[in-house]
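The block underneath contains the structure these notes are about, expressed in structure tokens.
Hydrogens, waters and symmetry mates play no part in the numbers below; they use all other heavy atoms, side chains included.
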Amino acid sequence: MSLVPYPFPVIVQGLTKRNTECRIQNIRFLDSLNASRQTASGMVGWLIGSMNLQQHQEGSANVTNIQLDYGGIRMSFHKEWFLANISLEFDIDSRLPFNNQIIKTHARMNLAVEFWLEKDEFGRRDLVIGNCRVEPSSIRMTVLDEDIPPKMKHFFHNLRDNLEKVIPHLIESQECPLIDEILRQLDVKLLKSLMEQAIAHELNQL
């Protein structure tokens, strides 16, 4: 299996053309937290409950500083199999309803999508698209504010942990259908050419 870091930015370019930044900005993070409030306990449950009661008045979560980048593509030459990685970062400015304080959280994750070429009974190759998901080990949520009152730090870290649980599914539901659409427009010859370039690159490294 090889890692090709260069000639396949087509997914990121396609996401940009499809206005993916606006889609991410429109994700309703607080609604997802509200939906999970039944499973929350203690102070976290109280926080989510407060958001649910007052979000139409004060609670909000605005997404800013979205960055998409191409993270390389792994491939198996013999199986004609590909795994493309897209890195995604953004900030979430959460305005909490009980004290109107804004907490800035930075989110970082990798989105991985697999696809491969499959021969039919006539020897023609078709593109098959497999799993598309946020890699669990890649998820990082960081509270950026340093002036949080000591009594509230545990509270806000719990908020971060809850966001960490709901964000991957929300990102997958927005981005994976777009990636599927982009890949289905690819010419199979392009993928074969990519594989040939990667083979030549590896031979040059020997």
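- Sorted by first and then second residue, the side-chain hydrogen bond (donor to acceptor under 3.5 Å, both in side chains) pairs involving residues 168-181 (not counting sequence neighbours) are R18-E181, T20-E175, D180-R184.
- Of all heavy-atom pairs between P168 and V134, the closest is O-CG2, 3.8 Å.
- We find the CD1-CD distance between I129 and E114 to be 10.5 Å, quoted to the nearest 0.5 Å.
- Residues meeting the side-chain hydrogen bond (donor to acceptor under 3.5 Å, both in side chains) test with E118, sequence neighbours left out: W116.
- Of the N and O atoms on the side chains of D91 and N65, at least one donor lies less than 3.5 Å from an acceptor on the other residue.
- Remark: E89 engages H106 in a side-chain hydrogen bond (donor to acceptor under 3.5 Å, both in side chains) (not counting sequence neighbours).
- Here the CG-CD1 distance, from N62 to I92, works out to 10.0 Å after rounding to the nearest 0.5 Å.
- In this structure, A107 and M141 approach most closely via the heavy-atom pair CB-SD, 3.4 Å.
- Listed by chain and number, the residues in a salt bridge (charged side-chain N to carboxylate O under 4.0 Å, His left out) with K104 are D93 (sequence neighbours excluded).
- For the atom pair CD1 (I182) and CD (Q13), the distance works out to 9.5 Å, reported to the nearest 0.5 Å.
- Residues L88 and L111 fail the side-chain proximity criterion, which asks for heavy atoms closer than 4.5 Å.
- Minimum heavy-atom separation, F115 to L127: CD1-CD1, 3.7 Å.
- The CG atom of L68 sits 6.5 Å away from the CD atom of E21 when rounded to the nearest 0.5 Å.
- Residue N110 holds its CG atom at 9.0 Å from CD1 of I86, rounded to the nearest 0.5 Å.
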Start with the C-alpha gap between I167 and I139, add the side-chain angles, then the distance that decides, and say whether side chain to side chain contact (heavy atoms under 4.5 Å, CB included) holds.
-> CA-CA 9 Å; I167 282 177; I139 302 168; over 6 Å; no
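- Applying the salt bridge (charged side-chain N to carboxylate O under 4.0 Å, His left out) rule to R108 yields no partners; only residues at least two apart in sequence or on another chain are considered.
- The side-chain hydrogen bond (donor to acceptor under 3.5 Å, both in side chains) check on D120 picks up R124, with sequence neighbours excluded.
- Residue E135 comes nearest to S138 through the heavy atom pair O-OG, 2.7 Å, listed as atom of the first residue, atom of the second, then distance.
- Contact detail for I179 and C132: the closest heavy-atom pair is CD1-SG, 4.2 Å.
- The two residues P136 and R133 come nearest to each other via the heavy atoms CD-NH1, 3.6 Å.
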Show your reasoning for whether side chain to side chain contact (heavy atoms under 4.5 Å, CB included) applies to F90 and I27.
-> CA-CA 12 Å; F90 53 87; I27 293 177; over 6 Å; no
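- One finds the CG atom of N85 at 8.5 Å from the OH atom of Y70 (value rounded to the nearest 0.5 Å).
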